[in-house]
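What follows is one structure encoded as structure tokens, with my remarks underneath.
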Amino acid sequence: MTKDAGADSGAGAGADVDEVQAWGARLGWAFGLMADDPVERAAALVRLGDAQKHVRDALGRFNELWHVTLPLGGQEQWRDQAFLQSHEAYIEAGKYSLPDALWNRPPGDIRAWQGLPYALLFLEWEARYPHEWTKHAKKWGTKQSLIRDLAAAGHGPEVRTKLTDLVETVVRRAYRCKDREYVRVARAVDSEDLRCRLETAARSDTPWARRHAGYVLWLLDRPEVPNTIHVWQSWIAAEAGE
């Protein structure tokens with residue numbers, strides 16, 4: 001499966017076309033991780049494994065040189081050409097792998113970031129194929145930071161739809177680490193469509209879907225209420241008492 005890397009970015013006409021193409025050349029294969037065909041997904045996982053090995057090898061070389069040049073001291077160490085080149089090689093290798101390519105996002109509006117389609121891909125992969133994601137690319141901190149960055153107003157229609165799909169998927173499944181962060185996204189993309197989906201989930205035969213969807217709906221009606229563990233526990237207790 002191939003896909004235009006900029007198709008769902010929502011970055012607008014001002015996006016740097018060359019940078020979009022560069023992302024596609026490095027990581028276009030990663031959309032295979034979401035393929036319905038298990039053979040295609042398996043091939044993408046092999047590609048990911050190769051990319052991650054390059055990252056590990058580059059990191060190993062950087063760490064070796066870090067120890068060798070450590071006696072030089074801070075500033076002198078970073079002037080050593082071999083040390084600098086090993087660091088640059090490590091950073092470059094990460095651009096071809098997940099989740100490394102999603103780290104160190106440049107400051108600014110995430111909606112204009114050419115890496116946005118791959119941030120969405122990373123979260124969609126975790127939502128649809130959680131066992132594969134956990135085995136091959138588990139990084140809870142990356143998941144959390146991406147969700148928080150994406151919980152912003154003003155996304156284009158395609159990105160809003162993807163985020164709405166993610167919220168629905170997450171509330172319908174058993175809780176996974178950092179899923180609570182999706183309340184931020186629900187508040188950012190609140191719409192009649194999202195609420196209809198949540199109301200349907202709240203009538204589900206699945207207990208956790210009913211609880212999660214009901215809680216998110218309750219918070220959408222109370223934007224001033226923080227999404228904390230205490231609030232969640234109080235809501236659960238109140239629901240149980242009804």
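The heavy-atom pair separating Q114 from P117 by the smallest distance is O-CD, 3.3 Å. Taking all atoms of both residues into account, the shortest heavy-atom contact from L33 to R41 is O-CD, 3.2 Å. Across all their heavy atoms, D36 and R128 have their closest contact at OD1-NH2, 2.9 Å.
Counting only residues at least two apart or on different chains, the side chain to side chain donor-acceptor pair (under 3.5 Å) pairs with a member in residues 185-201 are D165-R197, E168-R197, D190-R195, D193-R197, R195-D221.
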May I have the list of side-chain donor-acceptor pairs in residues 82-103 shorter than 3.5 Å, sequence neighbours left out?
| from | atom 1 | to | atom 2 | distance (Å) |
| --- | --- | --- | --- | --- |
| S86 | OG | F83 | O | 2.7 |
| E92 | OE1 | K95 | NZ | 3.4 |
| W103 | NE1 | T142 | OG1 | 2.8 |

Donor-acceptor pairs under 3.5 Å, side chain of residues 54-65 to any protein atom, not counting sequence neighbours: which ones?
| from | atom 1 | to | atom 2 | distance (Å) |
| --- | --- | --- | --- | --- |
| D57 | OD2 | K53 | NZ | 2.9 |
| N63 | ND2 | L59 | O | 3.4 |

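You'll find the ring centres of W78 and W66 outside the 6.0 Å limit.
V46 is not connected to M34 by any chain of hydrophobic side-chain contacts under 4.5 Å among Ile, Leu, Val, Met, Phe, Trp and Tyr, and they are in different clusters. Hydrophobic clustering (side-chain heavy atoms under 4.5 Å, transitive across Ile, Leu, Val, Met, Phe, Trp, Tyr) groups I236 together with V183.
One finds the NZ atom of K162 at 6.5 Å from the CG atom of L120 (value rounded to the nearest 0.5 Å). Once rounded to the nearest 0.5 Å, the distance linking CG of L48 with CH2 of W29 reads 4.5 Å. Within the model, atoms CZ of R47 and CG of D50 stand 8.0 Å from one another, a figure rounded to the nearest 0.5 Å. Within the model, atoms CG of L219 and CH2 of W232 stand 9.5 Å from one another, a figure rounded to the nearest 0.5 Å. With values rounded to the nearest 0.5 angstrom, K138 atom NZ is found 9.0 Å from R176 atom CZ. A distance of 10.5 Å separates OH of Y129 from CG of L45, quoted to the nearest 0.5 Å.
Defined by atom type and a distance below 3.5 Å, a donor-acceptor pair is present between the side-chain atoms of W23 and E19.
A salt bridge links E181 to R184: at least one charged side-chain nitrogen sits closer than 4.0 Å to a carboxylate oxygen.
Applying the side-chain contact (heavy atoms from CB on, under 4.5 Å) criterion to P207, with sequence neighbours excluded, gives R210, R211. By the salt bridge (Lys or Arg N to Asp or Glu O under 4.0 Å) test, R173 is found to be paired with E126, D179, residues two or more places apart in sequence or in another chain being considered. In terms of the side chain to side chain donor-acceptor pair (under 3.5 Å) criterion, residue partners of N227 (sequence neighbours excluded) are, by chain and number, Y215. Remark: E76 pairs with R79 by the salt bridge (Lys or Arg N to Asp or Glu O under 4.0 Å) rule, at least two apart or across chains. Every side-chain contact (heavy atoms from CB on, under 4.5 Å) that P226 has, sequence neighbours left out, goes to T228, V231. Evaluation of the side-chain contact (heavy atoms from CB on, under 4.5 Å) rule for A201 yields V171, R172, A213 as partners, not counting sequence neighbours. The side chain to side chain donor-acceptor pair (under 3.5 Å) search around K139 returns none, not counting sequence neighbours. The side chain to side chain donor-acceptor pair (under 3.5 Å) search around Q52 returns none, not counting sequence neighbours. Residues forming a side-chain contact (heavy atoms from CB on, under 4.5 Å) with T206 (at least two apart in sequence, or on another chain): S204, W208, A209.
Proximity of R148 to Q144: side-chain heavy atoms (C-beta onward) are separated by under 4.5 Å at one or more points. In this structure, L123 and L150 have side chains that are in contact, with non-hydrogen atoms separated by less than 4.5 Å.
No option in L163, T164, L166 other than L163 meets the side-chain contact (heavy atoms from CB on, under 4.5 Å) test with V185.
Checked by atom type and distance alone, the side chain of R160 pairs as donor or acceptor with a backbone atom of V189 at under 3.5 Å.
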Exercise. Is there a side chain to side chain contact (heavy atoms under 4.5 Å, CB included) between W218 and V225 once you walk through the steps?
Worked result: CA-CA 10 Å; W218 184 81; V225 175; 4.1 Å; yes

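Below 30°, between 30° and 60°, or above 60°: for W125 and F122 the angle between ring planes is above 60°, a perpendicular geometry.
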